[in-house]
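Residue numbers start from 1 in every chain, and the chains themselves are labelled A, B, ... in the order their sequence lines are given, proteins ahead of strands.
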2 protein chains.
Amino acid sequence: MYVNKIPQALDYGVSVTMKVIGGKWKPCIIDCIANGINRPADIRKAIKHASLRVINHQLTELLAYEVVSKQTYQGYPLRVEYKLTTFGKTLLSVIEAMQKWGDAHAEKVAEIAMKRNENIGAAPSRP
Amino acid sequence: MYVNKIPQALDYGVSVTMKVIGGKWKPCIIDCIANGINRPADIRKAIKHASLRVINHQLTELLAYEVVSKQTYQGYPLRVEYKLTTFGKTLLSVIEAMQKWGDAHAEKVAEIAMKRNENIGAAPSRP
DNA sequence: AATCATATGGACAAATTAATCCTTATCCTA
DNA sequence: TAGGATAAGGATTAATTTGTCCATATGATT
């Protein structure tokens, strides 16, 4: 596993939160799971711009931080389900706050990004 | 300016929010300014682990996204003040939500990070 | 003139994160 | 047996973000 060289910031609340949900696809994946999209392959379909490898990687970290739990089922086809833990559910209001702010100001932000000549395009999408 | 190669995600609220406050020091800088620490050199002192160069860089982006405004004063020593714009103030509740969640769960997250052998240490600090 | 405090930003290097490619494994179905 | 669907993750490269070093500029102070 990659080990940081620069010590990380965990005594400032925002940094703690970022540590847990700060990955590019993590809030998106949490959204999916909260909405009953539980299997990796289904999450993959819901988030069309992330590969299965990337989703798995993020799921592994969310699992490590106990945001989600994992249940493996017998049978065919191979079946795994991720669920939000009680702890994970406490994140929903934070994500919701971010989501609301972003939705409310998306146009303005996009406009500025455009002017700055940034590469705006396809994006993570809600389930 | 660096131009992204991979198109960015601005049609998902969380991504929009991350675009604006997603930098390592941005929430911290916004906190500072909200608390009356307005000059680059003072922000520098408040956030001991970021260099002036880094703070300036982040301030430039916050300025571009109209989160802060900039006022230059005549006289000596050279004096510049950044203030939150009305728009910038709308971010405070989001940052506060992240801050609260992080504060509430800092111990658990730190513990997991430790177990994962991550490099935990000095951090951005609140003003 | 030399020096200090403040602010800004170019050029580059280092660190971190995300993405790609590929392999393994299970169990059903044809 | 071969092949498809699902899941997991190693190894590597690409992209992005942070950080460092240094140069410039202003106006006072010594």
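- Nucleotides of DNA chain C nearest to A/Gln74 and A/His57 differ in position, and the one nearer the 5' end is that of A/His57.
- Atom CZ of A/Arg44 is separated from atom P of D/dA7 by 12 Å (rounded to the nearest Å).
- Relative to the ring axis of A/Tyr65, A/Lys19 does not place its NZ or CZ within 45° and under 6.0 Å from the centre.
- Formation of a donor-acceptor pair under 3.5 Å by the A/Gln99 side chain with backbone atoms of B/Val14 is found in this model.
- In this structure, A/Asn56 does not reach the D/dA7 phosphate: none of its side-chain N or O atoms is under 4.0 Å from OP1 or OP2.
- Among the heavy atoms of the strands, none lies under 4.0 Å from B/Gly75.
- For A/Leu52 and D/dG10, the CG to P distance is 15 Å, given to the nearest whole Å.
- Residue B/Gln71 contributes atom CD, which lies 14 Å from atom P of C/dA7 at whole-angstrom precision.
- Across all strands, A/Tyr82 comes closer than 4.0 Å only to sugar-phosphate atoms, never to a base (heavy-atom distances).
- The A/Tyr2 side chain lies nearest to C/dA15 when the options are C/dT8, C/dA15, D/dA15.
- In this structure, the nucleotide among D/dG9, D/dT6, C/dA19 sitting nearest to the side chain of A/Val54 is C/dA19.
- Rounded to whole Å, the distance from OH on A/Tyr73 to C1' on D/dA5 is 19 Å.
- Atom C1' of nucleotide C/dA7 and atom CG of B/Leu63 are separated by 14 Å, given to the nearest angstrom.
- Ranking C/dT17, C/dA5, C/dA18 by closeness to the A/Asn4 side chain, first place goes to C/dT17.
- Checking D/dG19, D/dT6, C/dA19 against every side-chain atom of A/Pro77, the shortest atom distance belongs to D/dT6.
- Rounding to whole angstrom units, CD1 of residue A/Ile43 and C1' of D/dA7 are separated by 12 Å.
- Closest to the side chain of B/Ile6, out of D/dA7, D/dA15, D/dT18, is D/dA15.
- Of the two residues near DNA chain D, B/Gly22 and A/Glu81, the one whose nearest nucleotide lies more 5' is A/Glu81.
- With hydrogens and angles disregarded, a donor-acceptor distance shorter than 3.5 Å links the side chain of B/Arg44 to the backbone of B/Ala50.
- Among the heavy atoms of the strands lying under 4.0 Å from A/Lys70 are primed sugar atoms or P, OP1, OP2 only; no base atom is included.
- As a whole-Å value, the separation of B/Lys48 NZ from D/dG19 P is 15 Å.
- Across all strands shown, B/Arg53 has heavy atoms under 4.0 Å from base atoms, whether or not it also approaches the sugar-phosphate.
- Between the side chain of A/Asn119 and the main chain of B/Lys5, a donor-acceptor pair closer than 3.5 Å is present.
- Look at CD on A/Gln58: it is 10 Å from P on C/dT17, rounded to the nearest Å.
- Remark: the backbone N or O of B/Val67 is paired with a side-chain donor or acceptor of B/Thr85 at under 3.5 angstrom.
- Counting only heavy atoms from C-beta on, A/Lys24 has its side chain closest to C/dA18 among D/dT16, C/dA18, C/dT17.
- Relative ring orientation between B/Phe87 and A/His105 is described as perpendicular, the plane-to-plane angle rising above 60° on a 0-90° scale split at 30° and 60°.
- Both A/Ser51 and A/Lys5 sit near DNA chain C, but only A/Lys5 has its closest nucleotide nearer the 5' end.
- Put simply, B/Trp25 has no side-chain N or O that comes within less than 4.0 Å of OP1 or OP2 on D/dT17.
- Side-chain atoms of B/Arg79 and base atoms of D/dG27 include no donor and acceptor less than 3.5 Å apart.
- Ranking C/dA5, D/dA8, C/dC28 by closeness to the A/Tyr76 side chain, first place goes to C/dC28.
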